[in-house]
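For reference, the structure discussed in these notes is given below.
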Amino acid sequence: MKDIYMDHAATTPMDKQVVSAMNPVFEDIFGNPSSVHSFGRKARKYLDEARRTMAKSIHANEKEIIITSGGTEADNLALIGTAIANKDRGRHIITTVQEHHATLHTAEHLEKQGFQVTYLPVDENGLISVDDLKNALTDETILVSIMYVNNETGMIQPIQEIGNLLKDYQKTYFHTDAVQAYGLLDIDVRENGIDMLTVSSHKINGPKGIGFLYAANDVKIDALQFGGEQERKRRPGTENVAGAVGFQKAVELVINNKTERNISYQGFKDQFISHLSNNGINFTINGDEKKAIASIVNVSFPGTNVESLLTNFDLDGIAASSGSACTAGSIEPSHVLSAMYGENDERTTNSIRFSFGIFNTTENIEEAAKRVVKIVKRLSA
């Protein structure tokens with residue numbers, strides 16, 4: 001019995017083309033990109049090319065790309081770096097109740113530092129109201145941080161509308177965690193009025209331990225670490241050249257294959273849900289399917305609980321998740337679903353996230369659905 005991976009929203013396997021792109025760098029490109037000799041210059045050339053590719057993918061300038069260790073560091077830098085650098089202009093920040101913990105816990109940290117944070121609610125489909133955001137804005141608001149696509153439900157927030165609204169608030173920066181959106185949705189930071197944007201390599205079949213924060217040239221941001229003058233003094237430390245090259249290759253692959261991947265993932269989702277529907281189990285989908293990204297579906301199975309579901313799925317070779325991988329070891333109700341339905345709703349403790357990727361096939365999706373049906377029938381009997 002083959003194991004079937006349906007947890008691509010947590011992390012993705014590295015594409016073989018990414019590994020092939022990185023291997024020569026590991027073997028031959030060992031210079032420090034900050035060094036002026038030939039070894040350093042060669043490393044710098046690889047790093048600059050990777051940065052240009054990342055910038056082009058979101059219609060940004062290469063000087064606006066800050067390479068980080070991943071999405072969490074990028075979110076931290078976006079929130080803390082701009083809050084500290086702009087505290088003389090105001091101390092109010094707006095985010096949502098269902099952000100990834102990389103943003104939520106950072107916002108909570110800033111509250112302890114004397115900043116005021118407004119946590120916008122979401123409706124039962126997991127979407128914020130742009131009117132709620134408008135009503136929350138004050139003369140003290142220096143930052144709005146709203147994720148592009150929710151990592152548990154796949155719901156796509158109205159980023160274009162938010163960006164258009166904030167264009168009238170010149171001193172308020174707009175940050176979005178686009179970790180789940182990047183590579184599947186068209187992202188134009190200029191057109192969408194986005195000042196800062198977070199991307200992580202390991203969500204797009206690239207290496208772990210690297211990501212980037214786009215920060216527009218006019219964003220005033222303080223470094224969180226102290227050391228050298230790398231990343232235009234915004235993120236010190238010798239750069240991960242091999243990781244950047246792998247990340248670059250992953251970016252090229254997702255941008256070039258965006259349409260095909262969306263079609264493929266939506267097909268997997270439709271196939272999976274259709275099989276559940278046709279085999280007599282009780283389930284509901286969390287969120288509005290029409291406003292969700294193709295790669296994620298969050299399913300509630302009444303009469304069951306997350307812990308027993310995940311244990312039995314794992315024993316039967318199905319890798320899925322109860323939500324964010326950062327909290328997968330917790331049996332506490334999902335904070336995302338609690339925000340949508342209320343803390344006492346049974347959907348907060350009986351829902352599973354299935355997420356699709358390039359190594360899924362129609363065959364293993366069909367097999368996975370059969371195993372899920374069998375397990376759910378047994379557990380809910």
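Residue numbers count from 1 along this sequence. These numbers come from a predicted model, not from an experiment.
- Arg89 forms a cation-pi arrangement with Tyr173, by the criterion of a distance under 6.0 Å to the ring centre and an angle within 45° of the ring axis.
- Within a 6.0 Å radius of CD in Glu289, other residues, nucleotides and ligands contribute 12 heavy atoms or fewer.
- Here Glu239 contributes atom CD and Arg44 contributes atom CZ; the two are 5.0 Å apart, rounded to the nearest 0.5 Å.
- Taking a 6.0 Å sphere around NZ of Lys63, one finds it holds 12 or fewer heavy atoms contributed by other residues, nucleotides or ligands.
- With respect to the salt-bridge test (charged N to carboxylate O, under 4.0 angstrom), the residues Lys112 and Glu108 do not qualify.
- Around the CG atom of Asn217, the shell of radius 6.0 Å holds more than 12 heavy atoms that belong to other residues, nucleotides or ligands.
- With sequence neighbours excluded, no residue forms a salt bridge (charged side-chain N to carboxylate O under 4.0 Å, His left out) with Asp132.
- In summary, of the residues considered (Arg371, Arg378, Lys374), a salt bridge (Lys or Arg N to Asp or Glu O under 4.0 Å) with Asp316 occurs for Lys374 alone.
- Glu49 pairs by the salt bridge (charged side-chain N to carboxylate O under 4.0 Å, His left out) definition with Lys45, not counting sequence neighbours.
- For CD of Glu27, the number of neighbouring non-hydrogen atoms (other residues, nucleotides, ligands) closer than 6.0 Å is greater than 12.
- A heavy-atom distance below 4.5 Å is found between the side chains of Arg190 and Asn61.
- Look at Glu161 and Lys134 and you find no salt bridge, because none of the NZ, NE, NH1 or NH2 atoms lies under 4.0 Å from a carboxylate O.
- No hydrogens or angles considered: nothing links the side chains of His8 and Ser355 as a donor-acceptor pair under 3.5 Å.
- Classified by interplanar angle (parallel below 30°, tilted 30° to 60°, perpendicular above 60°), the ring pair His101/His335 is tilted.
- A salt bridge links Glu62 with Arg52: the distance from a Lys NZ or Arg NE/NH1/NH2 to an Asp or Glu carboxylate oxygen falls below 4.0 Å.
- Paired with Met196 under the rule side-chain contact (heavy atoms from CB on, under 4.5 Å), one option of Leu77, Leu143, Thr176 passes, and it is Leu143.
- Few gaps surround CG on Asn278; more than 12 heavy atoms of other groups in view lie less than 6.0 Å from it.
- Phe313 and Phe301 have perpendicular rings, their planes meeting at more than 60° on a 0 to 90° scale where under 30° would count as parallel.
- Atom NZ of Lys258 sits in a crowded spot, with more than 12 heavy atoms from other residues, nucleotides or ligands closer than 6.0 Å.
- Between the side chains of Thr153 and Asn286, no donor-acceptor pair of N or O atoms lies under 3.5 Å.
- Under 3.5 Å, the side chains of Ser145 and Glu99 contain no donor-acceptor pair of N or O atoms.
- By the 4.0 Å N-to-carboxylate-O rule, Arg347 lies close enough to Asp345 to be salt-bridged with it.
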List the atom pairs, donor and acceptor, that lie under 3.5 Å between side-chain atoms in residues 219-227 and the rest of the protein, sequence neighbours left out.
{"residue": "Lys220", "atom": "NZ", "partner": "Ala85", "partner atom": "O", "Å": "3.3"}

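- The number of heavy atoms from other shown groups lying within 6.0 Å of OH (Tyr46) does not exceed 12.
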Please walk me through it: do Glu367 and Met1 pass side chain to side chain contact (heavy atoms under 4.5 Å, CB included)? CA-CA 10 Å; Glu367 176 60 28; Met1 181 181 70; 5.7 Å; no
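- Side-chain atoms of Thr82 and Ile142, non-hydrogen and from C-beta on, never get closer than 4.5 Å to each other.
- Under a cut-off of 6.0 angstrom, the local environment of CD in Glu140 is crowded, with over 12 non-hydrogen atoms contributed by other residues, nucleotides or ligands.
- In the model, Asn262 has no side-chain atom that pairs as donor or acceptor with a side-chain atom of Gln266 under 3.5 Å.
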Run the side chain to side chain contact (heavy atoms under 4.5 Å, CB included) test on Phe359 and Thr12 for me, step by step, so that the C-alpha distance in whole Å, both residues' side-chain angles and the decisive distance to 0.1 Å come before the verdict. CA-CA 9 Å; Phe359 293 111; Thr12 58; over 6 Å; no
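- Under the 4.5 Å side-chain heavy-atom criterion for Ile, Leu, Val, Met, Phe, Trp and Tyr, Val18 and Val25 are members of distinct hydrophobic clusters.
- Salt bridge status for Arg235 with Glu73: present, with a side-chain N to carboxylate O gap under 4.0 Å.
- Residue Val36 comes nearest to Arg41 through the heavy atom pair O-NH1, 2.8 Å, listed as atom of the first residue, atom of the second, then distance.
- Hydrophobic clustering, with ILVMFWY side chains joined whenever heavy atoms are under 4.5 angstrom apart, groups Leu276 together with Val376.
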